[in-house]
Amino acid sequence: MKKRKLQPESLMMSLGYNAHEHQGAAKCPIYQTSTFVFNSCEEGKNFFELAYGLRDKKEGEEMGMIYSRLDHPNMNILEKRLAAWDEADAGAFFSSGMAAISTSILTFVKPGDVLLFSSPVYGGTDHFVHHVLPQFNIGVVGFVKGEKEETIIERVEKSYPGRRPSMIYVETPGNPTNSIIDIEMTSRIAKYFSSKDSRCVLAVDNTFLGPVFQHPLQYGADLVIYSATKFIGGHSDVVAGACTGSNQLISQIKGMRTFFGSQLDPNSSWLLQRSLETVKVRMEAQAKSAQIIAKYLKNHPLVEKIHYLGYLENDSELKEIFDRQCLSTGSMIAFEITGGEKEAFLFLNNLKLFKLAVSLGSTESLAEHPATMTHVDVSPEDRVKLGISPSLVRLSIGLENPQDLIDQIENAFEVVKKANSSAVC
Ligand SMILES: *Cc1c(COP(=O)(O)O)cnc(C)c1O
């Protein structure tokens, strides 16, 4: 008998689900219910004692369902399945990526503490960090790719002497420019700021490459965070978020989720169960197409600069980090078109087949303009520093035929070229 461990893609159709407990239904039914019936008052009492952590589980005792804000079968199965991808003890799902991010941060970062974060990050996260957390007297300190460990530590200690950095929040590859942060390096910083009775938690937003192509827990992260709206959902039809990690950290986060009410509903959970069955084939096919499209873009005369993980400089520090922690170049491409906002808009307005929309990681290819859309709220100085220029265009490559996509890109470039030459005459 072969005893090799099953790979996650083999588990996505069965993990956590026994058809014989559900009238033989091959697929888990949608449990569209808000509440669950107890067998007796004694059972209800036991469940509540466990839910509030009033006592430990007795030997062989199983926790049952109480109310769908705490837990429900569709979300429960989904959490086990995502945890399998990350080789984590446990997972938690949320009503959006931002719900996952805000709930997780506020579980560990308390008023008076400091949050250390990498930039650029997703625009919503950037707003939360700069405009919401300070309202709760939480100090925030940023760092960018390539900065040294000592420099970052010194900045924290100088900016907030005596205050406790309780979380490091890293997004890698970062939205929108695919900037890479060394997870192992940030894990050393987290250790530096941890003591016996106060832990600095390292959370990594794994939306761009996870759950298939990057496994942050292997490199010292404590929590992996997702916008499940993107690759995990993969069809632009669900908004959801997730977090995976150790039993201890995830149960603290779930405790907070219960009172924020930021859990995922049964119908969306069911849709994501379906999505997880194909996440690997989708991500692999999308990455393969992106490689073909990036190669085309790299040599185009109207492309000033391309931000794609396949084109990191050989022998550079970033390439070394990429080789160590990423398993694929992914399907996100950003590039600067020759010119500025006018040329970028002209290109995007004439790009067919791609949908002009924010979001990413879906079956259909999407295109957007970060400086005026997803990252409009990033301060102008930071936009310059982070390379979010007016000429930057972001593409998320989907499952269309890559040559068809290239034809459409070529057509849009032609329009820009014509406009440029008529402007010169
Ligand atoms: C979209 C996104 C988020 C926010 O997720 P929502 O599901 O839109 O709330 C967070 N991080 C990254 C990297 C994203 O792309």
Side-chain angles (χ1 to χ4, degrees), residues 75 78 82 91-106 115 117-133 145 167-181 183 203-214 216 221 223-244 257 260-265 268-269 271-272 275 279 283 286 307 309 326 330-334 355 357-362 365-370 373-378 386 388 392 394-398:
M75 184 167 71
L78 189 61
L82 183 64
F93 265 85
F94 298 85
S95 51
S96 70
M98 282 314 301
I101 292 164
S102 54
T103 307
S104 303
I105 291 179
L106 290 173
L115 175 89
F117 70 100
S118 68
S119 29
V121 286
Y122 173 71
T125 310
D126 189 89
H127 184 91
F128 185 70
V129 166
H130 284 108
H131 302 289
V132 180
L133 291 181
K145 68 175 177 189
M167 183 183 266
I168 304 180
Y169 184 93
V170 169
E171 185 178 305
T172 183
N175 192 347
T177 51
N178 276 324
S179 64
I180 292 204
I181 302 286
I183 300 172
V204 175
D205 185 327
N206 202 30
T207 300
F208 265 41
L209 285 180
V212 178
F213 296 140
Q214 185 171 262
L223 292 173
V224 185
I225 291 183
Y226 294 97
S227 167
T229 313
K230 316 294 168 56
F231 290 97
I232 292 175
H235 294 70
S236 296
D237 54 8
V238 185
V239 173
C243 185
T244 61
R257 181 183 68 183
F260 282 1
S262 50
Q263 81 292 343
L264 190 62
D265 68 283
S268 301
S269 300
L271 281 166
L272 291 185
S275 290
V279 69
M283 289 189 77
Q286 286 169 254
H307 304 269
L309 292 175
C326 310
S331 53
M332 297 301 297
I333 305 172
K355 299 202 160 63
V358 299
S359 198
L360 56 101
S362 183
S365 294
L366 299 168
E368 67 118 2
H369 187 249
M373 296 171 188
T374 46
H375 292 73
V376 67
D377 192 48
V378 176
L386 302 170
I388 307 170
L392 190 74
R394 190 188 77 185
L395 304 177
S396 166
I397 307 303

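Counting starts at 1 for both ligands and their atoms, following the listed order. Heavy-atom basis, side chains included; hydrogens, waters and symmetry copies ignored. Residue numbers run from 1 in the order of the sequence given. Being a predicted model, the structure only gives us computed values, none of them experimental.
One finds the SG atom of C326 at 4.5 Å from the CD atom of Q214 (value rounded to the nearest 0.5 Å).
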Check ligand 1 for close polar pairs with the protein: N or O on both sides, less than 3.5 Å.
{"from": "ligand 1", "atom 1": "5 (O)", "to": "S227", "atom 2": "OG", "distance (Å)": "3.0"}
{"from": "ligand 1", "atom 1": "7 (O)", "to": "G97", "atom 2": "N", "distance (Å)": "2.9"}
{"from": "ligand 1", "atom 1": "7 (O)", "to": "S227", "atom 2": "OG", "distance (Å)": "2.9"}
{"from": "ligand 1", "atom 1": "7 (O)", "to": "T229", "atom 2": "OG1", "distance (Å)": "2.6"}
{"from": "ligand 1", "atom 1": "9 (O)", "to": "G97", "atom 2": "N", "distance (Å)": "3.0"}
{"from": "ligand 1", "atom 1": "9 (O)", "to": "M98", "atom 2": "N", "distance (Å)": "2.8"}
{"from": "ligand 1", "atom 1": "11 (N)", "to": "D205", "atom 2": "OD2", "distance (Å)": "2.7"}
{"from": "ligand 1", "atom 1": "15 (O)", "to": "N175", "atom 2": "ND2", "distance (Å)": "3.4"}
{"from": "ligand 1", "atom 1": "15 (O)", "to": "K230", "atom 2": "NZ", "distance (Å)": "2.7"}

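Panel note: side chain R257, backbone F93; a donor-acceptor pair is recorded below 3.5 Å.
For V132, the side chain to side chain contact (heavy atoms under 4.5 Å, CB included) partners at least two apart in sequence or on another chain are H127, F128, F136. Residues that satisfy the salt bridge (charged side-chain N to carboxylate O under 4.0 Å, His left out) test with E171, not counting sequence neighbours, are absent from this structure. Partners of S365 according to the side-chain hydrogen bond (donor to acceptor under 3.5 Å, both in side chains) rule, which considers only residues two or more places apart in sequence or in another chain, are E400.
Side-chain contact, Y122 with D205: no donor N or O sits under 3.5 Å from an acceptor N or O.
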